[in-house]
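Read the structure below first, then the notes.
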Amino acid sequence: MKKLFFICIIVVSYAMGQETVESVRRQIKAVEAETAREVNLHNEEKKRHSDFIEVGRKKVVALNSQNQSLKMEMDSMKVELSRLKEARQKALSTSKYYENKKAKYQESLALVIDSLQYLFVIDFPYKNDEAITSVSEIASQLKKGHISTADAIARTVEVFLERIRMGYTTEVWKGSLAVDSRTIHGTYMRYGAVASIFVSLDGQDVFWLSRSSENTYVWKNVSEDIEMRSIIKEALKVAEGKTAPKIVPIPVYLKKGAL
């Protein structure tokens, strides 16, 4: 019985020793596998770190290159900005010069246009006030800068052209004539810008436009001149269409007299 128990103890001890060695071997393998895995992870991490360092280095190089390019571009832009500022100053100076010159020219032109009123004051007396007002208004608007010099010149020329066109027209109209402190109602007839006659409604008063020695226009009474009365009244009838068209004489002022 004792011998059997001893054998059992030996077997159990052997079995326990056998299990411990296997366990140690398993543990060793596990440690080796874990170590290999850790080494692997370390190598991978080392590679990632190396790649990160390389990428960072490349980024730094690229940033330095970009920074250098930007610095060069900024320097170039500073030079261009300085050039543009200088050009702007020159342009402003030139613009100011021409603006001042333009203002002086406008002022001088306005004075010239305004002085043209005198020509209409001594011109053939027909719508002179309208022409004078037009010229005065043109000069005033130009002086205030409301219109350009080109517009002012064009409008002034148009006023003169209107006066020239008047010389190619004939007109008859009813009106009144103030002479010798009395007002006479009658009919006017204008022939261009060279002759004008007036006959009262009753045909008793007859006038024609002449010029005085002071070079001003005056209405000359020819009521007592039978021949001149007949000529003027006949001319008015032709102009009004009250008789057949024909060539008729009309009185026109000349330096040596009248026809």
Side-chain angles (χ1 to χ4, degrees), residues 112-141 147 151-259:
V112 171
I113 293 175
D114 196 53
S115 68
L116 296 176
Q117 294 182 51
Y118 174 72
L119 298 177
F120 300 111
V121 172
I122 63 173
D123 193 22
F124 186 81
Y126 179 73
K127 295 186 178 180
N128 301 61
D129 291 340
E130 289 88 336
I132 291 171
T133 300
S134 296
V135 170
S136 176
E137 186 177 351
I138 292 169
S140 176
Q141 289 184 352
I147 59 175
D151 285 339
I153 292 173
R155 294 185 187 185
T156 304
V157 170
E158 183 57 33
V159 174
F160 277 90
L161 288 176
E162 186 63 29
R163 300 293 292 182
I164 292 172
R165 285 190 286 266
M166 179 188 73
Y168 294 95
T169 62
T170 300
E171 186 177 3
V172 177
W173 73 97
K174 300 293 183 181
S176 58
L177 178 65
V179 291
D180 300 331
S181 301
R182 65 192 180 107
T183 301
I184 306 171
H185 299 285
T187 305
Y188 285 92
M189 191 276 282
R190 175 186 60 80
Y191 180 75
V194 295
S196 189
I197 59 177
F198 177 83
V199 178
S200 64
L201 293 177
D202 58 10
Q204 296 301 312
D205 294 296
V206 179
F207 295 82
W208 72 278
L209 197 60
S210 181
R211 294 190 107 172
S212 67
S213 57
E214 290 81 18
N215 204 31
T216 58
Y217 285 91
V218 293
W219 285 99
K220 187 173 181 180
N221 192 338
V222 294
S223 300
E224 303 301 325
D225 188 335
I226 297 177
E227 182 181 1
M228 184 64 77
R229 279 166 53 93
S230 299
I231 289 174
I232 291 176
K233 293 173 78 171
E234 185 65 22
L236 183 60
K237 286 182 181 180
V238 173
E240 289 182 304
K242 292 181 178 179
T243 186
K246 60 182 176 179
I247 297 175
V248 292
I250 55 174
V252 177
Y253 172 80
L254 297 175
K255 288 185 178 180
K256 292 183 179 180
L259 297 178

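Quick note: residue numbers are just sequence positions, from 1. Every heavy atom of this structure was used, including side-chain atoms; hydrogens, water molecules and symmetry mates were not.
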Report task. Specify the closest pair of heavy atoms between Ser196 and Trp219, including all atoms of both residues, with the distance to one decimal. Result -> OG-CH2, 3.5 Å
Requested in this report: Indicate yes or no: does Arg155 engage Glu158 in a salt bridge with an N to O separation below 4.0 Å.
Outcome: no
Query - Test log, rule side chain to side chain contact (heavy atoms under 4.5 Å, CB included), inputs Ile232 and Val222 - result: CA-CA 9 Å; Ile232 291 176; Val222 294; 3.7 Å; yes
Distance-only check: which donor-acceptor pairs under 3.5 Å involve side-chain atoms of residues 235-250, not counting sequence neighbours?
{"from": "Glu240", "atom 1": "OE1", "to": "Lys242", "atom 2": "NZ", "distance (Å)": "3.4"}
{"from": "Lys246", "atom 1": "NZ", "to": "Glu234", "atom 2": "OE2", "distance (Å)": "2.7"}

Report task. Look only at the side chain of Arg190 and the backbone of Thr169, and say whether a donor-acceptor pair between them is shorter than 3.5 Å. Result -> yes
Query raised in the report: Distance from Thr187 atom OG1 to Leu177 atom CG, nearest 0.5 Å?
Result: 12.0 Å
Requested in this report: For Ser181, check side chain to side chain contact (heavy atoms under 4.5 Å, CB included) against everything at least two apart and list the hits.
Outcome: none
Report task. For Ile226, look at atom CD1 and say whether over 12 heavy atoms of other residues, nucleotides or ligands are found less than 6.0 Å away. Result -> no
Report summary line: In short, Ala195 meets Pro251 closest at the heavy-atom pair CB-O, 3.6 Å
Requested in this report: Rounded to the nearest 0.5 Å, what's the gap from OG on Ser223 to CE on Met228? Could you check?
Outcome: 12.0 Å
Query raised in the report: Between atom CG of Leu209 and atom CZ of Phe198, what is the distance when rounded to the nearest 0.5 Å?
Result: 12.5 Å
Query raised in the report: Should Tyr191 and Val252 be marked as a side chain to side chain contact (heavy atoms under 4.5 Å, CB included) after you check the CA-CA gap, both sets of side-chain angles, and the distance that decides it?
Result: CA-CA 10 Å; Tyr191 180 75; Val252 177; over 6 Å; no
Report task. Check side chain to side chain contact (heavy atoms under 4.5 Å, CB included) between Asp180 and all other residues, then give those that pass, not counting sequence neighbours. Result -> none
Requested in this report: Using modelled atom types only, decide if a donor and an acceptor are shared between the side chain of Ser200 and the backbone of His185 within a distance under 3.5 Å.
Outcome: no
Query raised in the report: Is there a donor-acceptor pair closer than 3.5 Å between any side-chain N or O of Tyr188 and the backbone N or O of Ser176?
Result: yes
**Report entry** Inter- and intrachain pairs under salt bridge (Lys or Arg N to Asp or Glu O under 4.0 Å), touching residues 116-134, at least two apart
**Finding:** Asp123-Arg163
Query raised in the report: Quick one: are Ile164 and Tyr168 in side-chain contact, heavy atoms under 4.5 Å?
Result: yes
Query raised in the report: Taking Ser140 for the side chain and Glu137 for the main chain, is one N or O donor matched with an acceptor at less than 3.5 Å?
Result: no
Report task. For Asp225 and Lys220, run side chain to side chain contact (heavy atoms under 4.5 Å, CB included): C-alpha distance rounded to whole Å, both residues' side-chain angles, the deciding distance at 0.1 Å, then the answer. Result -> CA-CA 11 Å; Asp225 188 335; Lys220 187 173 181 180; over 6 Å; no
Report summary line: Heavy atoms of Val218 and Arg211 approach each other most closely as CG2-C, 4.3 Å
Query raised in the report: Who passes side chain to side chain contact (heavy atoms under 4.5 Å, CB included) against Glu224, sequence neighbours left out?
Result: none
**Report entry** Audit row: Ile197, Val206, side chain to side chain contact (heavy atoms under 4.5 Å, CB included) steps and yes/no
**Finding:** CA-CA 8 Å; Ile197 59 177; Val206 179; over 6 Å; no
Requested in this report: Just jot down the side chain to side chain contact (heavy atoms under 4.5 Å, CB included) partners of Thr156, sequence neighbours excluded, or say none.
Outcome: Ile113, Leu116, Ile138, Phe160
Report task. Examine distances only and state if a side-chain atom of Arg229 and a backbone atom of Gln204 form a donor-acceptor pair shorter than 3.5 Å. Result -> yes
Query raised in the report: More than 12 heavy atoms of other residues, nucleotides or ligands under 6.0 Å from OH of Tyr217: is that the case?
Result: yes
